[in-house]
Amino acid sequence: MLKSHTCGELRAEHIGQEVKLAGWVNRRRDYGSLVFVDLRDRWGVTQVVVDAGRSPEAKETVARIGHEYVLQIEGEVVARSPESVNDKLATGEIEIQARQVRILNPAKTPPFEISGDIEPGEETRMRWRYLDLRRERMQRNIILRHNAIWFIRRYLNERGFVEIETPILFKSTPEGARDYLVPSRVHPGKFYALPQSPQQLKQLLMVAGYEKYFQIARCFRDEDQRGDRQPEFTQLDMEMSFVERDDVLDLIESLMTAMIEEVSGRGVAKKPFPRLSYAEVIDRFGTDRPDIRFGLELTDIGKIVARSDFKVFTSTIEVGNKVRAIVAPNCAGYSRKDIADLEEIVKDAGAKGLATIAVQEDGTPKSSIAKFFADDLMQELIAAVGASPGDLILMVADVPSVVNEALSALRTEFGKRLNLVANGDLSFCWVIDFPLFEWNADEDRWDPSHHMFTSPKPEHVALLDTDPGKVLSQQYDLVCNGYEVAGGSIRIHDRNVQEKIFALIGLDVEQAKERFGHMLEAFEYGAPPHGGIAPGIDRLVMLMAGEPNIREVIAFPKSQRAADLMAGAPSEVDQQQLDDLHIKLADDIKPD
RNA sequence: GGGGGCGUAGUGUAGCGGUUAACAUGCUGGCCUGUCAAGCCAGAGAUCGCGGGUUCGAAUCCCGUCGCUCCCGCCA
């Protein structure tokens with residue numbers, strides 16, 4: 001080894017020892033005949049002193065080095081004088097008196113500072129990602145990710161789970177997200193698809209009798225990016241046989257809690273995780289992934305405003321739509337401009353407008369719509385939404401989905417503005433009892449709201465024939481701080497039920513056989529009742545790291561346009577490669 | 001596919017119709033034996049993303065384009 005210790009481990013107890021350290025030059029402070037070098041590796045920083053008087057040769061070498069040179073230092077661990085102890089460094093009690101300095105490799109001046117306060121821009125970071133990854137922030141995140149994955153593997157192994165790899169080259173199914181396709185050389189005109197998730201394969205592993213399966217699985221979806229979405233991402237994919245919904249929920253809940261507390265040092269706000277029905281979270285928060293770190297819940301005020309003279313509200317109620325409100329505490333003083341900003345948010349969500357009532361300190365309302373309300377009706381409204389003097393009531397009238405989306409967006413905004421999300425805790429909740437289907441008006445059929453193997457609640461199976469929209473499923477989502485961090489379900493293992501689902505979602509028997517024949521066939525050979533879940537590793541690590549997007553916890557992420565700015569992927573390929581794959585580019589594709 | 005923001009020395013920012021394009025940091029040279037964001041002195045470094053237009057004059061205004069980013073659609 002070129003090093004006897006890491007740059008983070010030497011303490012007072014090592015004083016007097018001869019050591020070899022190796023790492024990168026974090027910083028150099030040059031006094032001419034006395035030079036300090038902060039040597040860095042992933043474990044920390046150790047100060048090296050090069051004294052021209054004691055080791056002229058080392059001084060000669062160290063005069064030539066710059067930032068990020070790779071050095072090997074040989075010398076003695078010595079105590080620092082009491083006034084020069086650096087308590088910002090774990091190794092600050094000691095320093096290395098260098099006897100010899102070897103340049104293992106010089107370094108060009110890096111395009112940005114590896115240690116320092118200047119945060120390089122996104123493009124710069126991605127272009128030199130290997131240097132970005134050298135920075136403390138990224139090393140901390142990547143190692144946190146490692147610890148989380150390591151924790152998961154140990155935890156599940158101890159509970160009888162088997163990690164099984166599934167193919168990356170698999171079969172395309174047009175349902176769901178757009179597939180990444182891989183052309184076949186030996187089958188002209190045919191394509192593999194990269195898995196959107198190992199969904200089918202893990203169910204087949206249940207048929208195969210493994211009972212408890214997991215995989216740290218890479219998943220691929222060719223859809224547009226968000227801060228919490230990358231074209232390839234990692235799931236903790238799991239499936240279990242002979243389980244019921246609560247078995248899955250309980251296991252994941254204890255896994256999440258233990259992992260977060262051990263690995264991230266953060267707290268879990270609510271234990272046990274609240275279990276809320278889909279209907280309840282939509283009603284209370286306007287979204288199926290509520291941030292339950294704070295209140296500001298939605299109130300339905302339809303019954304009250306129906307008795308006002310405000311036409312916008314009364315006509316909305318008459319046609320069966322909704323008027324709902326949230327209360328922003330202590331925001332009665334908002335200016336016209338502040339309100340206009342909020343209005344922008346609800347308009348983005350599709351709402352036509354935003355009505356507000358400022359409850360003044362004396363309890364009287366200040367509002368452009370106050371004149372449409374009798375005084376006692378106004379007081380009834382203020383009481384119904386639970387507003388106090390100094391509060392601002394915000395109301396939206398529209399179809400339910402627009403009202404909910406608009407108010408949910410406002411709620412999120414106020415969570416940030418009012419600093420209700422400041423503490424570092426993670427706040428989980430389960431969302432259960434989802435509708436099995438969503439009506440697809442364009443195609444005039446039902447779409448599965450999760451996926452087509454999701455089991456209805458047993459007591460709702462009969463409704464499949466009479467009122468599919470009312471059927472609730474055994475789907476469950478895990479939500480944390482407003483992010484969906486896991487989703488899963490108990491699956492269908494009954495062939496009759498499965499065929500009913502196919503029919504309702506508009507798949508005829510032939511199509512179903514073509515796409516899922518292997519699944520249907522497998523289910524005839526003794527499929528156990530089973531269910532599973534797939535937590536998103538990237539999002540969980542992002543939340544544990546306190547980062548604003550998942551790029552910060554992925555070593556080599558892609559840009560918004562799905563490009564690798566370091567390697568330059570995707571790229572053109574040789575004509576020969578295209579020929580091998582039987583691919584001819586369309587005429588309108590021009591080379592760059 | 002649509003909407004918003006950004007693009008100025010290596011890096012991060014300021015400048016937003018007329019400036020010698022500014023500041024910080026990094027870089028180069030010099031001084032310095034107790035610093036740890038070392039300090040001090042001197043210096044180099046920018047065709048203001050690219051293309052077009054408006055104007056006597058454009059980093060600045062307009063159009064297009066490319067890149068990064070946030071959001072909507074999309075993501076079973």
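Here is the naming used below: chain letters follow the sequence lines, and residue numbers restart at 1 for every chain. Basis for what follows: all heavy atoms, side chains included, without hydrogens, waters or symmetry-related copies.
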E547(A) versus N549(A), side-chain donor and acceptor atoms under 3.5 Å: no
Electrostatic pair K558(A)-D564(A), nearest N-O below 4.0 angstrom: no
Applying the 3.5 Å cut-off to both distances, the Watson-Crick or G-U partner of rA46(B) turns out to be none
Donor-acceptor list for residues 400-408 of chain A side chains, cut-off 3.5 Å, not counting sequence neighbours:
{"unit_1": "N404(A)", "atom_1": "OD1", "unit_2": "R324(A)", "atom_2": "NH1", "d": "2.6"}
{"unit_1": "N404(A)", "atom_1": "ND2", "unit_2": "P400(A)", "atom_2": "O", "d": "3.2"}

Send over the distance from D477(A) CG to rC75(B) P, rounded to a whole Å. 15 Å
Hey, is the main chain of V62(A) close enough, under 3.5 Å, to the side chain of R28(A) for a donor-acceptor pair? yes
Tell me the interatomic distance from E438(A), atom CD, to rC75(B), atom C1', rounded to whole angstroms. 12 Å
From CD1 of I550(A) over to C1' of rC70(B), roughly how many Å is that when rounded to an integer? 15 Å
Is there a side-chain contact between R561(A) and the phosphate of rG67(B), meaning an N or O under 4.0 Å from OP1 or OP2? yes
Determine the contact category for R127(A): base if any of its heavy atoms lies under 4.0 Å from a base atom, sugar-phosphate if only primed atoms, P, OP1 or OP2 are that close, otherwise nothing. nothing
Let's see if you can work this out: which of rA37(B), rG67(B), rU33(B) has an atom nearest to the side-chain heavy atoms of L565(A)? rG67(B)
Just compare rC75(B), rU69(B), rU33(B) and give me whichever is closest to any side-chain atom of A177(A). rC75(B)
Using only side-chain N and O atoms of K88(A), determine if any of them is under 4.0 Å from OP1 or OP2 of rA37(B). yes
Is it true that the side chains of H451(A) and E175(A) contain a donor and an acceptor less than 3.5 Å apart? no
So D447(A), base contact, sugar-phosphate only, or nothing? Heavy-atom distance under 4.0 Å. nothing
Sugar-phosphate only, base, or nothing, as touched by T454(A) at under 4.0 Å among non-hydrogen atoms: nothing
Tell which nucleotide pairs with rC23(B), taking only Watson-Crick or G-U wobble pairs whose two distances are both under 3.5 angstrom. rG12(B)
Please determine whether a side-chain nitrogen of the Lys or Arg among D132(A) and R134(A) lies less than 4.0 Å from a carboxylate oxygen of the Asp or Glu. no
For D224(A), is there an ion pair with R229(A) - N to carboxylate O distance below 4.0 angstrom? no
Output a table of nitrogen or oxygen pairs between the protein and nucleotides 71-73 of chain B separated by less than 3.5 Å.
{"unit_1": "rC71(B)", "atom_1": "OP2", "unit_2": "G227(A)", "atom_2": "N", "d": "3.4"}
{"unit_1": "rC72(B)", "atom_1": "OP2", "unit_2": "R226(A)", "atom_2": "NE", "d": "2.9"}
{"unit_1": "rG73(B)", "atom_1": "N7", "unit_2": "R226(A)", "atom_2": "NH2", "d": "2.8"}
{"unit_1": "rG73(B)", "atom_1": "O6", "unit_2": "R226(A)", "atom_2": "NH1", "d": "3.1"}
{"unit_1": "rG73(B)", "atom_1": "O6", "unit_2": "R226(A)", "atom_2": "NH2", "d": "3.4"}
{"unit_1": "rG73(B)", "atom_1": "N1", "unit_2": "D224(A)", "atom_2": "OD2", "d": "2.7"}
{"unit_1": "rG73(B)", "atom_1": "N2", "unit_2": "D224(A)", "atom_2": "OD2", "d": "3.2"}

Sort out the partner of rA58(B) for me: Watson-Crick or G-U wobble, both distances under 3.5 Å, none otherwise. none
Any N/O donor-acceptor pair, Q47(A) side-chain to rU35(B) base, under 3.5 Å: yes
Side-chain N or O of R539(A) less than 4.0 angstrom from OP1 or OP2 on rC75(B)? no
Y31(A) ring over rA38(B) six-membered base ring, under 5.5 Å and 30°: yes
Just say parallel, tilted or perpendicular for the rings of H530(A) and F523(A), cut-offs at 30° and 60°. tilted
Would you please confirm or rule out a distance under 4.0 Å between OP1 or OP2 of rU35(B) and any side-chain N or O of R29(A)? no
Do E136(A) and R140(A) meet the salt-bridge criterion of a basic N to acidic O distance under 4.0 Å? yes
Side-chain donor/acceptor of R221(A) to base of rC74(B), under 3.5 Å: no
Of the nucleotides rC32(B), rC70(B), rC36(B), which has the atom closest to the N549(A) side chain? rC70(B)
Check nucleotides 41-49 of chain B for protein N or O atoms closer than 3.5 Å to its own N or O atoms and list the pairs.
none

Spell out, as yes or no, whether a donor-acceptor pair under 3.5 Å connects the side chain of S473(A) to the backbone of S455(A). no
Please confirm whether the ring centroid of F516(A) lies under 6.0 Å from the ring centroid of F453(A). yes
Listed by chain and number, what are the salt bridge (Lys or Arg N to Asp or Glu O under 4.0 Å) partners of D38(A), not counting sequence neighbours? R29(A)
Which nucleotide, if any, forms a Watson-Crick or G-U wobble pair with rG39(B), using both distances under 3.5 Å? rC31(B)
Between the main-chain N or O of G176(A) and the side-chain N or O of R221(A), is there a donor-acceptor pair closer than 3.5 Å? no
Per the atom types in the model, does the base of rU35(B) pair as donor or acceptor with the side chain of R27(A) at under 3.5 Å? no
Could you please name the partner base of rC6(B), counting Watson-Crick and G-U wobble pairs only when both distances are under 3.5 Å? rG67(B)
Mind checking if S84(A) touches a base, just sugar-phosphate, or nothing, with heavy atoms under 4.0 Å? base
How long is the line joining CD of Q97(A) and C1' of rU35(B), in whole Å? 14 Å
Under 4.0 Å, heavy atoms only, any strand: does D222(A) hit a base, just the sugar-phosphate, or nothing? nothing
Categorize E344(A) for me: base, sugar-phosphate, or nothing, with a 4.0 angstrom heavy-atom threshold over every strand shown. nothing
Protein-nucleic acid N or O pairs under 3.5 Å, nucleotides 7-13 of chain B:
{"unit_1": "rG10(B)", "atom_1": "O2'", "unit_2": "P111(A)", "atom_2": "O", "d": "2.8"}
{"unit_1": "rU11(B)", "atom_1": "O4'", "unit_2": "P111(A)", "atom_2": "O", "d": "2.9"}
{"unit_1": "rG12(B)", "atom_1": "OP1", "unit_2": "G121(A)", "atom_2": "N", "d": "2.5"}
{"unit_1": "rG12(B)", "atom_1": "OP1", "unit_2": "T124(A)", "atom_2": "OG1", "d": "3.2"}

By side-chain contact (heavy atoms from CB on, under 4.5 Å) - contacts of K3(A) (at least two apart): M1(A), A22(A), D41(A), W43(A)
Can you check whether T109(A) has a side-chain N or O nearer than 4.0 Å to OP1 or OP2 of rC27(B)? no
